[in-house]
Amino acid sequence: MSRDRKLITMQQRRARTGYMFILPFIIGFVLFMARPLIQSLIMSFNDVVLVPGQGYSMTAANRTYNILGIEMMLPLDNYHSAFAVDPYFNPRLVEEIGRMATNTIATLVLSFVIAVILNQDFKGRTLARAIFFLPVILSSGVLPGIEKQNEFYDMMAGVAESVKGAGGVNISAALQDLLQVSGVAGSVFDVVFQMIDAIYDIVMASGIQIIVFLTGLQAISPSLYEAADVEGCTAWESFWKITFPMVSPLLLVNCIYTIVDFFMKNDNRVMERISTVMYSDAKFGVASAMSWVYFGVALAFILLSSFIISRAVKSAQ
Amino acid sequence: MSKNNTVFIGKNKSFWDRNRRSGGYLLKKTSARTAVSIIRALLLFGLCFMIIQPLLTRFSMGIMQEKDLYDSTIILLPRNVTLDNYRIVAELTDLKTIGGGWTFHALLNTLWVSVLSSLFQIVSTTLVAYGFARYTFRGKKLWFALVVALIIIPPQTIQSALYMNFANFDVLRIFTLFGVNADGLTFGQRIMSLFDGTGTGLIALLTGQTWNLRSNISAYLIMCITCMGLKDGLYIYMMRQYFQGIPTSLEEAAYVDGCGTMHTFVKIMLPDALPTIASCFLFSFVWQWTDIFYARLFLPSSAISIYSTQMSSMVTRMGRYFSADASKAVVVPNGRQQQLISIAVLICSIPLIILYIFTQRTFVESLAMSGSKE
């Protein structure tokens, strides 16, 4: 009898120790994530005015709406100014979402291909791996944001293009023209060319993803390939029958990472706008409303893509 | 017997002889292999060049004199070489006092801020990751789901609320609920005061006012020690993966021998996990070094000059800097601005690249160890 009670308390003690270990996270999440989240949600429905010395005061950002003939006061004025008043928010949001969709697909494909290549045996592999991982450093934090504003590079590129344009050709534009003339090109090709033009951004954003795929590839036991080889599989077949199914669970991890990374990047123009509205115009309510809209979009994308990918992975295996 | 077989294939016969014997198969195989390796080399070279090239461009642009920038015949190699631009950037970004000596003020600040905050982050995330990996307790799934949520939620969503929180810092803002400073508030408003940051807390109750923690590093360190720093969700996730991969038998043996919980953790688990912890530390150091989001939120450049904030606000100071009269600003041409910015980017990334060259193995290999069990 007493032995039973002792067993339970032992378990309870283990549970308590576990809670002690994750206590920093619990405190942090409640104080600095959950509460600010609720707070910023509240702020997005209010006009926030800073009061020096004692914080800020809020009044409901009401706006009269006419729904089905009934006049209603709804605290949606901040959302209204985000969508209907701010001249930059809407176009930038649409543009960034489009860019995100194409870039995510391109990043996944490219990082997978590069990981497969870097997993092969060739001279200078260590150096190549080191260089492909360099973007994790070079495109973090403030650096890509500053590079994006770098109109001088654009200007230089423009000059180089016009100089070359006299005698030479811009290959991607020429190819596009050619395809359009021959009637093949449609909107699909526009997307493809958009990806080609964004290849620098894509490579710079795929450092971590390459490593994740690479670790997945290295975890595949070589004996699987040997067995396939003995059975007469070609390299192409064993790629689709072994490599791809074994690595495809990582596709989801990478996809989510890419989307999240894209949404938080400093060169993201929606983020830039939110920062401007907050720090320069001091419209905290509108900035909160904008970030909530943006977060909602991000979450929808993550859920959608995880749904699609997990279905696809299941059917591939 | 096997010796005879190798003789039959003919190691010492010529390539064409062996090719004829194999019925053309050898030639096909060899040429396919060569083609693949040539394509691979070209592709890798192109992509690697694309990654490296901006560094080279920045370097060559940095040593150009201003007139070279507008000369359309000059693209990469400068005609008039100067190092004066570096001095100008150093003076603009608080590495050197104007007309005075080199202090490296902004970079040194960045260094200690990054080291300190990464250290706080890694200590707390290691503990939390260990708790998630080794203990079973009620609500563990929920809390871990919140770790994943932490990875997904952009910190930008809460930046205005965090700004408010730390500009008027207080703990336990529950006293308004119980009637302190709550004259004329309805019960609903009192409950709201728990969440919207208007409630009176312990500090305001005792000292009469809230603290502004935005002017020093303490606000950010509080965030770091409670796992809410830059990308902390990711570190918890990575280290949990690693801890789960270590067999439990070692710890059980330690428990049987009478080791306490903390003792086992420090003596048995930590040495084993050191490579992963080191790689997380490096990641957090590097990302902290270039971070602007938290730096702008918690460390305004008036309080501590961090290189990333100095760099991003550099353009606004240029007009004053280049004008002879300190009260008026001149218009700095766009090309010149960008030249100076690219030097600043170079200065910011060179320490990191040097660090990366020496620790590349830690970066890549130990991430591989933790990621292998997704």
Side-chain angles (χ1 to χ4, degrees), chain A residues 14-15 17-19 21-22 24-25 27-29 32-33 35-40 42-43 55-56 58 117 122 128-131 133-135 137-138 140-143 146 150-152 159 200 203 211-212 215 218-219 249-250 253 260 263-264 266 271 274 278 284 287-288 291-292 295 298 302, chain B residues 37 40 44 47-48 50-52 72 75 124 127-128 130-132 135 137-138 143 146 150-152 154 156-158 160-162 164-165 168 195-198 210 223 225-228 261 286-287 290-292 308 311-312 334-335 338 341 345 348-349 352 356 360 363-364 367-368 371-372 374:
Chain A
R14 291 273 297 171
T17 321
Y19 261 110
F21 270 111
I22 68 160
F25 173 77
I27 295 175
F29 195 87
F32 303 125
M33 183 54 81
R35 229 192 99 218
L37 263 181
I38 297 169
Q39 196 175 345
S40 91
I42 295 173
M43 277 162 83
Y56 58 96
M58 298 196 297
I117 292 175
F122 58 88
R129 279 188 187 180
I131 291 176
F133 200 52
L134 205 56
I137 295 167
L138 294 184
S140 63
V142 67
L143 302 179
I146 280 203
N150 210 334
E151 285 149 24
F152 185 69
V159 169
Y200 177 73
V203 171
I211 298 292
V212 171
T215 58
Q218 280 168 351
L250 294 178
V253 178
V260 170
F263 269 103
M264 296 185 198
N266 197 47
M271 282 298 155
I274 295 174
M278 188 176 130
F284 290 93
S288 302
S291 10
W292 270 92
F295 174 47
I302 289 170
Chain B
S37 65
R40 182 174 61 201
L44 284 182
L47 290 175
C48 286
M50 199 166 68
I51 295 169
I52 299 289
S72 61
I75 288 180
S124 59
L127 287 173
V128 172
Y130 182 71
F132 275 121
Y135 291 92
F137 44 86
R138 196 178 291 181
W143 288 113
L146 291 179
L150 182 65
I151 301 175
I152 292 174
Q156 281 88 347
T157 316
I158 58 165
S160 41
L162 278 182
M164 299 293 184
N165 266 346
N168 310 286
F195 300 109
D196 66 4
T198 56
T210 55
M223 293 281 286
I225 200 71
T226 53
C227 300
M228 292 297 129
T261 311
V286 165
W287 281 333
T290 57
D291 170 63
I292 180 112
S308 59
M311 194 159 88
S312 70
N334 201 3
Q338 296 306 326
I341 286 179
V345 172
C348 184
S349 44
L352 297 181
Y356 176 61
Q360 187 244 338
F363 259 113
V364 183
L367 186 70
S372 56
E374 291 289 347

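Naming convention: chains lettered A, B, ... in sequence-line order (proteins, then strands); numbering from 1 in each chain. Just so you know, these numbers come straight off a predicted model, no measurement behind them.
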- Message: Please evaluate residues B:Ile52 and A:Leu134 with respect to the criterion side-chain contact (heavy atoms from CB on, under 4.5 Å), reporting the C-alpha separation (whole Å), side-chain torsions for both, the decisive distance (0.1 Å), and the verdict.
- Response: CA-CA 9 Å; B:Ile52 299 289; A:Leu134 205 56; 4.1 Å; yes
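Classification of the A:Tyr19-B:Phe137 ring pair by plane angle, with boundaries at 30° and 60°, yields tilted.
Using a 4.5 Å cut-off between heavy atoms, A:Ile302 touches chain B through its side chain atoms alone.
Among all heavy-atom pairs drawn from A:Ala130 and B:Tyr356, the shortest one is O-OH, 2.7 Å. Scanning all heavy atoms of the two residues, the minimum distance from B:Leu162 to A:Pro36 falls at CD2-CG, 4.0 Å. When all heavy atoms of A:Phe25 and B:Leu146 are compared, the pair lying nearest together is CZ-C, 3.9 Å. Residues A:Met43 and B:Ala161 approach most closely at SD-CA, 4.3 Å, considering heavy atoms. Minimum interatomic distance between A:Phe122 and B:Arg40 (heavy atoms only, all atoms of both residues): CB-NH2, 3.4 Å. Between B:Ile225 and A:Pro24, the shortest heavy-atom distance links the atoms O-CB, 3.6 Å.
Between the CH2 atom of B:Trp287 and the CD1 atom of A:Ile137 there is a distance of 10.0 Å, given to the nearest 0.5 Å. Atom CD1 of residue A:Ile131 and atom CE of residue B:Met50 lie 12.5 Å apart, to the nearest 0.5 angstrom. From A:Phe263, atom CZ reaches atom CD1 of B:Ile152 across 11.5 Å, with rounding to the nearest 0.5 Å. Here B:Leu47 contributes atom CG and A:Tyr200 contributes atom OH; the two are 12.5 Å apart, rounded to the nearest 0.5 Å. Going from atom OG1 of B:Thr157 over to atom CZ of A:Phe295 covers 5.5 Å, rounded to the nearest 0.5 Å.
For chain A, the option among B:Leu150, B:Thr261, B:Val286, B:Leu127 with the highest count of heavy-atom pairs below 4.5 Å is B:Leu127.
Applying the side-chain contact (heavy atoms from CB on, under 4.5 Å) criterion to B:Thr290, with sequence neighbours excluded, gives A:Ser140, A:Leu143, B:Cys348, B:Leu352.
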